[in-house]
Amino acid sequence: MKEQVAMTVVPAAWTSWALSRVDSDPAGLAEQVLARTGLPDTPEGREIVELHLATLDVSLDLGCTDLLVPQLRWELTRRPQVTSAPRVVPVHDAVHATLAERLDELTLAAVVRHVGAAEAAARALESRSWSLRGRGGLSGLTAPVQTYLGHAVAGHQQRAIEHVLTLVADGSSVADVLLEVLAPAQLELGRLWERGVVSVAQEHVATAVTQVTMSALQPLFLEQPRLDRTLVAATPPGDRHEIGLRVVTDLLQLRGWDTQYVGASCPVADLVEAVVTAGATLLLLGASMPAHLPGLRAAVEHVRADPRCQGVAVLVGGEPFRHAPGLGEWVGADLVATDAREALEAAAGLLALQEATGV
Ligand code: B12
């Protein structure tokens, strides 16, 4: 998915035991790797390398190769969009060659094993998705999702809204529409983009339709009884993915929470002020890609460091949390949810605890 690339995800210092042994600073290492790849020195070329290194660092620190797999898969699709040069070295090969000059043999061998395992997993997934291709792309989706996705990709906003409102009128709950129609449609959109079936522009249009459709469901929330509890929801600086967070926020609103949806890429100082001003007892923080996890961790640290946020519980979630069991602790969260249903359970548990302790 293309966006205006701006903010770097390369940290000031590496976190992992392996990369922190490298004798050049992270920005310098990214430059050396970029030069070796043959990718252009443009925001798009740099983004590929920076996301790769940031993801590698987090995945090494957590010892979780699964975190690196989506990055490697994305690079396969993204590289040809960024350059038409005939010879482009895969980023992991350029990283290997660069680290070989800067790490001792044992550390290098450990990194190579880690990346090798991720590469093998990425290749296995790739061949599985090729074998599915012959069996008619959208066949795994329910009819309501297929219809919705057709409207969304075509940019038929009105038809998309009418479709989901009809589903509700026919007995589906708003939660079902969010979880069983809009969320799977967005995930399928990602797969279709990866396979080159939809363009970046079509993805942007469809995602915009989904956001408008979610807003069109809002009037249906008004009848819900309120809990007199407020939450704030955001993604950390740099993370532009907001649909998953918004789905969870809307579901909690349906459960009676008052919600302040700050949305994507919130500066951490502003986030703290938002929590304080709202009088929130719960902060939802989402990350959609491993490269944004250090930013999420920094956001949690800021909240913890502010005495005005004492007693605010932090619930984290998003795709990376489905792959790395120790990640909740790594970012310093109180609660972790790997999907929306777990998020509802976690918030219900928190509410019961806060009521029992008089918070
Ligand atoms: C739409 C989209 C975008 C849009 C986002 C627009 C918007 N306003 O949200 C735009 C165009 C901005 C975008 C940009 C990029 N994207 Co994008 N994007 C997607 C896409 C297609 C769909 C995301 C989505 O809406 N998912 C639907 C929701 C419902 O699912 P979800 O996020 O997983 O949420 C569920 C759970 O995870 C959980 N959850 C989520 N958040 C939270 C938070 C809390 C607190 C809790 C408790 C739970 C929770 O609950 C949700 C419901 O069950 C995905 C494909 C995919 N597989 O997700 C790629 C994807 C996430 N993008 C990807 C990439 C690489 C990028 C870019 C780098 C692309 C580029 N520059 O070329 C940029 C990076 C932007 C940035 N700086 O963050 C990759 C990430 C790969 C990786 N390394 O992990 C993906 C997977 C695409 C792919 N197939 O490779 N993207």
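Computation of the quantities below employed the complete heavy-atom set of this structure, encompassing side-chain atoms and omitting hydrogens, waters and symmetry-equivalent molecules. In listed order, ligands and their atoms are each counted from 1.
For ligand 1, the polar-atom distance check against Ala343 finds no nitrogen or oxygen pair separated by under 3.5 Å. Considering backbone and side-chain atoms together, Glu47 places an N or O closer than 3.5 Å to an N or O of ligand 1. Distances between N or O atoms of Arg78 and those of ligand 1 include at least one value under 3.5 Å. Ligand 1 has an N or O atom lying under 3.5 Å from an N or O atom of His241, backbone or side chain. Geometrically, ligand 1 and Glu242 share a nitrogen or oxygen pair separated by less than 3.5 Å.
Salt-bridge formation is not detected for the pair Arg341/Glu345: no Lys NZ or Arg NE/NH1/NH2 atom is positioned less than 4.0 Å from an Asp or Glu carboxylate oxygen. The pair Arg191-Glu194 does not count as a salt bridge, with every side-chain nitrogen at least 4.0 angstrom from each carboxylate oxygen.
At a heavy-atom distance under 4.0 Å, no atom of Thr210 approaches ligand 1. Of the heavy atoms in Glu44, none comes closer than 4.0 Å to ligand 1. Under 4.0 Å from ligand 1, the heavy atoms of Val248 that appear belong solely to its side chain. Under 4.0 angstrom from ligand 1, the non-hydrogen atoms of His204 all belong to its side chain. Heavy atoms from both the backbone and the side chain of Asp239 come within less than 4.0 Å of ligand 1.
Distance check, rounded to the nearest 0.5 Å: CG of Leu182 to OG1 of Thr207 gives 11.0 Å.
Counting only non-hydrogen atoms, the option in Gln211, Gln81, Arg322, Met289 that gets closest to atom 64 (C) of ligand 1 is Met289. Of the candidates His323, Arg240, Glu319, Arg240 brings a heavy atom nearest to atom 78 (O) of ligand 1. Taking only non-hydrogen atoms, the option from Ala340, Ala54, Gly317 nearest to atom 42 (C) of ligand 1 is Gly317. Here atom 32 (O) of ligand 1 lies nearest to Gly244 when heavy atoms of Pro70, Gly244, Pro43 are compared. For the residues Ala347, Ala234, Gly238, the heavy atom positioned nearest atom 76 (C) of ligand 1 is part of Gly238. Checking Ala208, Gly286, Gly318 against atom 49 (C) of ligand 1, the nearest heavy atom belongs to Gly318. Which of Gln186, Glu194, Gln71, Glu188 comes nearest to atom 89 (N) of ligand 1 through a heavy atom is settled by distance: it is Glu194.
Summarising the local packing, CZ of Arg159 is surrounded by 12 or fewer heavy atoms from other residues, nucleotides or ligands at distances under 6.0 Å. No more than 12 heavy atoms of other residues, nucleotides or ligands shown are found within 6.0 angstrom of CZ on Arg255. Heavy-atom neighbours of Gln354 CD from other residues, nucleotides or ligands within 6.0 Å: above the threshold of 12.
Which parts of ligand 1 touch Ala337 is read off a 4.0 Å heavy-atom cut-off, strictly below it: atoms 47 (C). Within the listing of ligand 1, atoms 29 (C) sit less than 4.0 angstrom from a heavy atom of Ala183. Interface atoms of ligand 1 facing Pro290, defined by a heavy-atom separation under 4.0 Å, are 84 (O). Against a heavy-atom cut-off of under 4.0 Å, Leu285 is close to the following atoms of ligand 1: 45 (C).
For the ligand labelled ligand 1, residue His292 lies inside the 4.0 Å heavy-atom shell. Ala346 does not count as a contact of ligand 1, since none of its heavy atoms falls under 4.0 Å from the ligand. Ligand 1 has Leu51 within reach: a non-hydrogen atom of the residue lies less than 4.0 Å from it.
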>> Show, in sequence, the C-alpha distance, side-chain angles and deciding distance for Leu103 and Asp23, and conclude whether the side-chain contact (heavy atoms from CB on, under 4.5 Å) test is met.
In response: CA-CA 8 Å; Leu103 282 178; Asp23 63 351; over 6 Å; no
> Val9 and Met289: side-chain contact (heavy atoms from CB on, under 4.5 Å), yes or no, with the steps?
Replying inline: CA-CA 11 Å; Val9 289; Met289 300 166 56; over 6 Å; no
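Just one of Arg79, Gln71, Arg78 meets the side chain to side chain donor-acceptor pair (under 3.5 Å) condition when paired with Glu75; it is Gln71.
A donor-acceptor pair is defined here as one N or O able to donate and one able to accept, closer than 3.5 Å; such a pair exists between the side chain of Asp57 and the backbone of Ser16. Judged by distance alone, the side chain of Asp239 and the main-chain N or O of Ser265 form no donor-acceptor pair under 3.5 Å.
Across all their heavy atoms, Leu179 and Ala340 have their closest contact at CD2-CB, 3.4 Å. The minimum heavy-atom distance between Leu178 and Pro184, with the atom names listed, is O-CD, 4.5 Å.
In this pair, His163 and His151 present their aromatic rings perpendicular. The plane angle is above 60°, beyond the 30 to 60° band.
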